[in-house]
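In this chain, numbering begins with 1 at the start of the sequence shown. Values below: every heavy atom of this structure, side chains too, minus hydrogens, waters and symmetry copies.
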Amino acid sequence: MLLTLPNVLTLSRVAVIPLFVGLFFLESSSGQWIACAVFTLAGITDFFDGYLARSRGQLSAFGTFLDPVADKLLVASALLMMVGFGQIADLAIIPAVIILCREIMVSGLREFLAGLSISLPVSKLAKWKTTAQILALGFLMGAPGFPGFPFAHEIGLILLWIAATLTVQTGSGYVRGALG
């Protein structure tokens, strides 16, 4: 049951990261557009892998483990590339750092709790947090190519701060749950 369609979709999010990162190094607006499209498609798979796993009865321990890891890798890659290429700059680096720190902390917490045979399931709010992160990064990535949509960058920044707020809420909730 390892290579079910939901798990393949999840694995595809990890598999496209090298392509996504490489596209940033193309010195053209088409590279940026393709990177945004790859990121968007990868983000969409996050919805469909879970939906298909539940609707087909194909939930697996591997998928449950890999889904949040794939999300974290995709978001972290996007954040690092966008900061590195100046698409996230100045005060907007603060929510990016908050998001990265929380993702590392929660991953470590999950690993620690797994050693104690305690699971830390993904909360509904954490799913909204991931959605906010993906939307924010998509808007920020695509903003330069949206000439008819002048506020795309500002919407992306607002969503990034919302994602950081949800990130703090979910991270602290996981820590409280683990300590309680």
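Distance CD1/I98 to CD1/I93: 12.5 Å, rounded to 0.5 Å. We find the CZ-CD1 distance between F47 and I134 to be 12.5 Å, quoted to the nearest 0.5 Å. Rounded to the nearest 0.5 angstrom, M82 CE and M141 CE are separated by 5.0 Å. The CG atom of L140 sits 6.5 Å away from atom CG of L137, with the distance rounded to the nearest 0.5 Å. The distance from the CG atom of L52 to the CD atom of Q58 is 8.0 Å, given to the nearest 0.5 Å. Within the model, atoms CD of Q32 and CG of L26 stand 10.0 Å from one another, a figure rounded to the nearest 0.5 Å.
Hydrophobic side-chain contacts under 4.5 Å tie I104 to no other Ile, Leu, Val, Met, Phe, Trp or Tyr residue.
Linking Ile, Leu, Val, Met, Phe, Trp and Tyr whenever their side-chain heavy atoms come within less than 4.5 Å leaves Y51 and V122 in two separate clusters. Hydrophobic clustering of Ile, Leu, Val, Met, Phe, Trp and Tyr side chains at less than 4.5 Å, counting indirect connections, keeps L3 apart from F48. Note: the hydrophobic cluster containing I99 does not contain V168 (ILVMFWY, side chain heavy atoms under 4.5 Å, direct or indirect links). Clustering ILVMFWY residues whenever any of their side-chain heavy atoms sit less than 4.5 angstrom apart, transitively, puts L135 in the very cluster that holds W33. Under the 4.5 Å side-chain heavy-atom criterion for ILVMFWY residues, no single connected hydrophobic cluster contains both L73 and L41.
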Kindly list each side-chain donor-acceptor pair under 3.5 angstrom involving residues 154-166, sequence neighbours excluded, with atom names and distances?
unit_1, atom_1, unit_2, atom_2, d
T165, OG1, W161, O, 2.9

Side-chain polar contacts of residues 10-20 - donor-acceptor pairs under 3.5 angstrom, sequence neighbours left out - could you list them?
unit_1, atom_1, unit_2, atom_2, d
T10, OG1, P6, O, 3.0
T10, OG1, D49, OD2, 2.6
S12, OG, L9, O, 2.5
R13, NE, D71, OD1, 3.1
R13, NH1, T45, OG1, 3.2
R13, NH1, D49, OD2, 2.9
R13, NH2, D46, OD1, 3.4
R13, NH2, D49, OD2, 3.2
R13, NH2, D67, O, 3.4
R13, NH2, D67, OD1, 2.6
R13, NH2, D71, OD1, 3.0

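The two residues G31 and L23 make their nearest non-hydrogen contact at O-CB, 3.7 Å. Residues G43 and L74 approach most closely at N-CD2, 4.2 Å, considering heavy atoms. Between E103 and Q133, the shortest heavy-atom distance links the atoms OE2-NE2, 3.2 Å. Minimum heavy-atom separation, F39 to A78: CE1-CB, 3.7 Å.
Formation of a donor-acceptor pair under 3.5 Å by the Y174 side chain with backbone atoms of R110 is not found in this model. A donor-acceptor contact shorter than 3.5 Å links the side chain of R54 to the backbone of G50.
At most 12 heavy atoms of other shown residues, nucleotides or ligands fall within 6.0 angstrom of atom CZ in F151. Shown here is L91, whose CG atom has no more than 12 heavy atoms of other residues, nucleotides or ligands within 6.0 Å.
Side-chain contact between S60 and T4 is absent, with no heavy-atom pair separated by less than 4.5 Å. Within the 4.5 Å cutoff, no side-chain heavy atoms of Q87 are placed close to those of H153.
The side chain to side chain contact (heavy atoms under 4.5 Å, CB included) test with I88 is passed by exactly one of V83, L80, I94: V83.
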Margin query: For a side-chain contact (heavy atoms from CB on, under 4.5 Å) check, start with the C-alpha distance between L66 and N7, then their side-chain angles and the critical distance, and finish with the verdict.
Written below: CA-CA 8 Å; L66 188 62; N7 286 347; 5.9 Å; no

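Ring pair F24/F85 is tilted by interplanar angle, where 30° to 60° counts as tilted.
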